[in-house]
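Let me begin by presenting the structure, written as structure tokens, before commenting on it.
Numbering of ligands and ligand atoms starts at 1, following listing order.
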Amino acid sequence: MKILIIGMGYVGTTTGVVFAKQGHEVTGLDIDESKITSLRKGKLYFHEPGLQEMLLDQMKNGRLQFTSDPNSAIENHDLLFITVGTPSLNNGKADLTYVKSAAEMIGRYKNNEKVVIVKSTVPIGTTDKVEQWIHQSANDPSAIHAAMNPEFLREGSALYDALHPSRIVIGSQSSAAVSELKKLYSPFSCPLLVTSTKAAEMIKYASNAFLATKISFINEVAKLCDQVGVQVTDVAKGMGMDERIGPAFLQAGLGYGGSCFPKDVKEFTETAQSLGVPLTILEDVEKVNQLQSHYFINRVKEVYPSLKGKKVTVLGLSFKPHTDDIRESVAYPVMDQLLKEEASIIAHDPVVNLSTEWLKRGVTQCWDPYVAVKNSDLIIITTNWPHYEKMNWARVQDLVAHPYLFDGRNMLDAEEMKNLKFKYQGIGYS
Ligand code: UDX
């Protein structure tokens, strides 16, 4: 099949590479020339494990190309995916500017019938609007077959998730669109659900909101664990053995970040609120998440009531491991609070470059974690990069000034760290 993907972020690029791998002829379109210039050179401009190699392979075999020219791209393709971003507006609602301009662009250059699939995470009712926006800006009166086909790709394992989906959801009122998508996804053996466009839009929000709820739930339980002296990791393990609950997304810590959960929870609650059916549980999910870094710093202050002049090593800047994405990364509110307490911060991350804003605020970036911990009064782990699990902690113990280790991701073995004479503290006892 000949496929056009509009929007070359991590979702669009990963989706395009995987479709090309399955033998389709794929074109990636973006209005951002710099992204297209980089991709044309075969260079992924963001960090996503395994994707760079597969991108090059697909470009070499001629099944994957990139363009910034919407005119010929839209004219020459009949199966179009919209994968542009839908960031949060200040009021919590999703910003549909990019989706609307992609739809209008399709309208402007449309020359015949098109199947248009929305993959971006969009509020309920948006796919219907996309169809209207296309028609309103089109001179060509031929039909649009619209569908909503949500993505469930996790950053850092987007390629794996695209190759091994847990389910495929197709929301459409158009039998032509459903039939094209069924053909496209026929190589996948996972369950395939066909619903209305609105249900598909809602499945994406409800799924992310539920996963965020699991995280905030276990984070509240962790606080109770701290009070009563119970390991939250044991509680999560025991809960997760119930197959109705499952073990995933029960890792207590500094809370969720990234480009999806925070914005999707906000959009879902805002929509529900505006329709007069508030999602009260979700409102609290967000509150719990926002308070988590404060709770953590208060625990730190039980050890150091004043952090003034203390040398703090922050390990991890990305919102999760295996990505260079820092959107809504909890490392930043943690560093903000530490700076307000007049601590001196050395930050390490295996891939993220600290922005000049943070450098100007006095944070030092260090690429070697062993140099970063030298003479440290306190180490804080903010991202569960495997690098930190593999560190030689006995060596670290020799390098630090004081052996305080606050593990905001509960990623290290508490007993092991205590045997190494660290004063180790995770979230939810230890
Ligand atoms: C998420 C969804 O998982 C994915 O299906 C959707 O398409 C996009 O949003 P992503 O944001 O990439 O993916 O990361 P995910 O692995 O879900 O983690 C989100 C955040 O939750 C991270 O900050 C992570 O550290 C945190 N988290 C996750 C926890 O704090 N505890 C957990 O148990 C799991």
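For Gly257, the heavy-atom gap to ligand 1 drops under 4.0 angstrom. The closest approach between a heavy atom of Gly258 and any atom of ligand 1 is not below 4.0 Å. Under a 4.0 Å heavy-atom criterion, Lys204 is in contact with ligand 1. Residue contacts with ligand 1 include Arg409, since one or more of its heavy atoms lies under 4.0 Å from the ligand.
Of the protein's non-hydrogen atoms, Ile215 CD1, 3.6 Å is the one closest to atom 29 (C) of ligand 1. Atom 6 (C) of ligand 1 has Leu153 O, 3.6 Å as its closest protein atom, hydrogens excluded (heavy atom only). Closest protein heavy atom to atom 12 (O) of ligand 1: Glu155 N, 2.6 Å. Atom 33 (O) of ligand 1 has as its closest protein heavy atom Gln251 N, 2.9 Å. Scanning the protein for heavy atoms near atom 34 (C) of ligand 1, the closest one is Phe249 CD2, 3.4 Å. Ranking the protein heavy atoms by distance from atom 15 (P) of ligand 1 puts Lys320 NZ, 3.6 Å first.
In summary, the atoms of ligand 1 found under 4.0 Å from a heavy atom of Gly255, numbered by their order in the structure, are 30 (O). Annotation for ligand 1: atoms under 4.0 Å from non-hydrogen atoms of Phe319 are 11 (O), 12 (O), 14 (O), 22 (C), 23 (O), 25 (O). Numbered from 1 in the order shown, with element, the atoms of ligand 1 that lie under 4.0 Å from a heavy atom of Glu151 read 7 (O).
One option in Phe152, Phe261, Tyr256 has a heavy atom closer to atom 26 (C) of ligand 1 than any other, and that option is Tyr256. Here the shortest heavy-atom distance to atom 9 (O) of ligand 1, taken over Ser329, Gly408, Cys260, Gly316, belongs to Cys260.
Looking at Leu250 against ligand 1, only its backbone comes within 4.0 Å, counting heavy atoms. Looking at Arg154 against ligand 1, both its backbone and its side chain come within 4.0 Å, counting heavy atoms.
Relative to the ring axis of Phe406, Arg299 does not place its NZ or CZ within 45° and under 6.0 Å from the centre. For the pair Arg395 and Tyr370, the distance from NZ or CZ to the six-membered ring centre is under 6.0 Å and the angle to the ring normal is within 45 degrees.
On a distance-only criterion, Ala248 and ligand 1 share no N/O pair closer than 3.5 Å.
Between His348 and Tyr388, the distance from one ring center to the other falls under 6.0 angstrom. A distance below 6.0 Å separates the ring centres of Tyr304 and Tyr404. Here Tyr256 and Phe249 keep their ring centres 6.0 angstrom or further from each other.
For the residue pair Thr313 and Ser376, a side-chain donor N or O sits within less than 3.5 Å of a side-chain acceptor on the partner.
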